[in-house]
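Only a predicted model underlies this, so the values are computations on that prediction, with no experimental measurement involved. All residue numbers refer to positions in the sequence shown, counting from 1.
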Amino acid sequence: MTATAPATQLVDDATAERLATALRCVTISHEDPAADDPAEFDRLAEFIERTFPLVHAQLELETFGHSRLYRWAGSETPDRVGAILLAHLDVVPVDDESGWTHPPFAGVVDDEFIWGRGAIDDKSRVIAILEAVEAALRDGVRPRQTVYLAFGHDEEVNGTHGARAISRKLREAGIRTGLLLDEGGVITTGVADGIDQPVATIMVGEKGFATVRLSISAPGGHSSMPGKQTAVGQLARAVARIQDHPFPLRLTPVTLDMLTRLRGFMAEPRRTLLGLIGIAGPAVTRVLAARPQTEALVRTTTAPTVIHGGVKSNVLPQRAEAFVNFRILPGDSVADVLEHCRRVVRDNQIVIELTGITSEPSPAPAAGPDFDLVAEIARAVVPGIAVTVGLVPGATDSRYYDDLAETRCNFAPIVVDSADLDRIHGTDERISRLNYARLITFNRLLIDRLATA
């Protein structure tokens, strides 16, 4: 692979096979860490070290469990950091292997695609970064400022032992960087309503998340002699209240910026409407709220996901519980979610509490100084795209590094449609040879810019 732009050539068989080999390592992160297979993470580490010899000869490596932190010392100002490039080595489990065209960990390569769990999320980015760095080292290219490569091993289960540990080490060392680059945004076709061009959404922050558990206990008894309401009925009413009273709609600064950047690519009458957004903001917000895909941009979303209680159809339940998941818009907080639930439920018999992992939203997401650099390279790799900002709807490792960077960008220059998006964490995950070429080219062009900036 050469660092040409735009990326129009498919990766060759050898390059595709290197990614496929990484996909064959079953580096699944489970909610119960005891179910993880350390040998598979070791196998991936051995493959990486064997496959990228210049990286391991010229960059400093520190490990944090199975996570890997590389330091590429700058040629002119090694005490300053130009970029931290994040990616993760772990993948999510597979629910039903029988539905896959190829087994999820077979790493099958055909004329068009590289198949396997992690092909998009996120081993392709790990290996693409290493491909780009190895090629740059081979060509004698070195960044002027120091660059870090941070590859977590438990991003899919909150990054507690990987990204959090690495970011703590960097923070304690006083590291600050101009650019933080991680997974999140992509280039979509046929997804942005009313825009014909492919849209590159460079995420500049992320929503928070919290799961609230509602539970109730009751005496129980025989179903032939029920009281006015059972534990299940009372709990169902509480869940319905939460669902029927969502968080208010809000047009945040980052969503306003997103729409402003896209306005020039829209046809009438939307272009005119967005030109009047200062006075038509509430109308625009209502339009966005009409579709689930865009409602998440203008409110903290509410999703009841689990409810259960009782043991038999003729026995009054003694306990029932439900779980409601929230994705939190900047400006709201985890504490706001809990207070909101208690306010709308208004039932002292329902215990309302947080459960599992929580994460606050990015405090003030906005396009930083290096946003234009990332956008420029994206346009070079995939010409003719519209570029805008956005928010990652879920959590990524980069939330641990937020305070270390002037510019945060969650983005990879792969071109996907809605069906491709469904493959992420789903069935038949794969990446095209062309998209993988784009990933490698993008990272190499970034390295070249860091070498001359």
Side-chain angles (χ1 to χ4, degrees), residues 3-8 83 85-86 120 125 128 132 178-207 251-267 270-271 273-275 277 284 288 293-294 296-298 330 362 364-393 396 398 405-418 420-421 434-435 437-450 453:
T4 58
T8 57
L85 309 183
L86 305 183
I120 293 180
R125 291 185 60 258
L179 173 64
L180 179 71
L181 184 64
D182 195 10
E183 64 175 335
V186 292
I187 302 171
T188 57
T189 59
V191 174
D193 192 31
I195 300 178
D196 294 332
Q197 291 93 334
V199 176
T201 306
I202 302 174
M203 310 297 192
V204 295
E206 62 188 44
K207 298 184 79 172
L251 192 61
T252 62
V254 68
T255 301
L256 179 60
D257 187 17
M258 178 197 74
L259 296 172
T260 300
R261 291 173 186 268
L262 290 177
R263 176 175 174 252
F265 299 93
M266 292 183 175
R270 295 183 183 186
R271 184 183 301 179
L273 178 63
L274 288 178
I277 200 166
V284 172
L288 292 172
Q293 296 90 335
T294 50
L297 297 171
V298 290
S362 299
D370 281 336
F371 177 90
D372 289 340
L373 169 63
V374 175
E376 177 188 335
I377 297 174
R379 291 189 187 99
V381 175
V382 187
I385 57 176
V387 179
T388 191
V389 300
L391 288 175
V392 183
T396 64
S398 48
E406 291 182 83
T407 300
R408 168 180 171 175
C409 292
N410 292 76
F411 177 71
I414 61 172
V415 181
V416 297
D417 58 21
S418 58
D420 295 321
L421 294 174
L434 178 56
N435 270 333
R438 288 168 173 148
L439 269 180
I440 297 171
T441 301
F442 176 87
N443 282 286
R444 178 59 196 273
L445 290 174
L446 175 60
I447 291 167
D448 289 345
R449 290 295 298 270
L450 293 171

- Test Ile377 against Phe411 for side chain to side chain contact (heavy atoms under 4.5 Å, CB included), laying out the working first. CA-CA 11 Å; Ile377 297 174; Phe411 177 71; over 6 Å; no
- Query: Rounded to the nearest 0.5 Å, what separation is found between the CG atom of Leu434 and the CG atom of Leu439?
  - Reply: 10.5 Å
- Is a donor on one side and an acceptor on the other found under 3.5 Å between the side chain of Arg271 and the backbone of Met266? yes
- For Thr407 and Asp370, indicate whether the former's side chain and the latter's backbone hold a donor-acceptor pair under 3.5 Å. yes
- Query: Closest heavy-atom contact between Pro365 and Val254?
  - Reply: O-CB, 3.8 Å
- Query: Looking only at heavy atoms, what is the nearest atom pair of Ser398 and Leu86, with distance?
  - Reply: CA-CD1, 3.6 Å
- Note on the structure: Smallest heavy-atom separation, Lys207 atom then Pro393 atom, equals CB-O, 3.9 Å
- All heavy atoms of Ala367 vs all of Asp257, minimum pair found to be CB-OD2, 4.5 Å
- Rounded distance (nearest 0.5 Å) linking atom CD1 of Ile187 with atom CZ of Arg379: 10.5 Å
- Can you find a pair of side-chain heavy atoms, one from Val382 and one from Phe442, that are under 4.5 Å apart? no
- Pair Arg125-Asp182, salt bridge (Lys or Arg N to Asp or Glu O under 4.0 Å): steps then yes or no: CA-CA 9 Å; Arg125 291 185 60 258; Asp182 195 10; 3.8 Å; yes
- Message: Nearest 0.5 angstrom please: Arg438 CZ to Asn443 CG, how far?
- Response: 14.5 Å
- Query: Any side-chain heavy-atom pair from Leu179 and Leu450 closer than 4.5 angstrom?
  - Reply: no
- Any chance you could measure Asn410, atom CG, to Glu206, atom CD, to the nearest 0.5 Å? 6.5 Å
- Distance, nearest 0.5 Å, that separates CG of Leu85 from SG of Cys409: 11.5 Å
- Query: Does Glu406 have any salt bridge (charged side-chain N to carboxylate O under 4.0 Å, His left out) partners at least two apart in sequence or in another chain, and if so, which?
  - Reply: none
Less than 3.5 Å apart, which donor and acceptor atoms pair up between the side chains of residues 194-202 and the rest of the protein, not counting sequence neighbours?
none

- Message: Using side-chain heavy atoms (C-beta onward) and a distance below 4.5 Å, is Val416 in contact with Thr188?
- Response: yes
- Message: One pair to check against side chain to side chain contact (heavy atoms under 4.5 Å, CB included): Ser362 and Arg408. What are the steps and the verdict?
- Response: CA-CA 10 Å; Ser362 299; Arg408 168 180 171 175; 3.4 Å; yes
- List in chain and number order the residues that pass side-chain contact (heavy atoms from CB on, under 4.5 Å) with Leu297, two or more places apart in sequence or in another chain; answer none if no residue qualifies. Thr255, Met258, Thr294
- Message: So Leu446 and Leu181, do their side chains get closer than 4.5 Å, heavy atoms only?
- Response: yes
- Message: Given 3.5 Å as the limit, does a donor-acceptor pair link the side chain of Asn435 with the main chain of Val415, or not?
- Response: yes
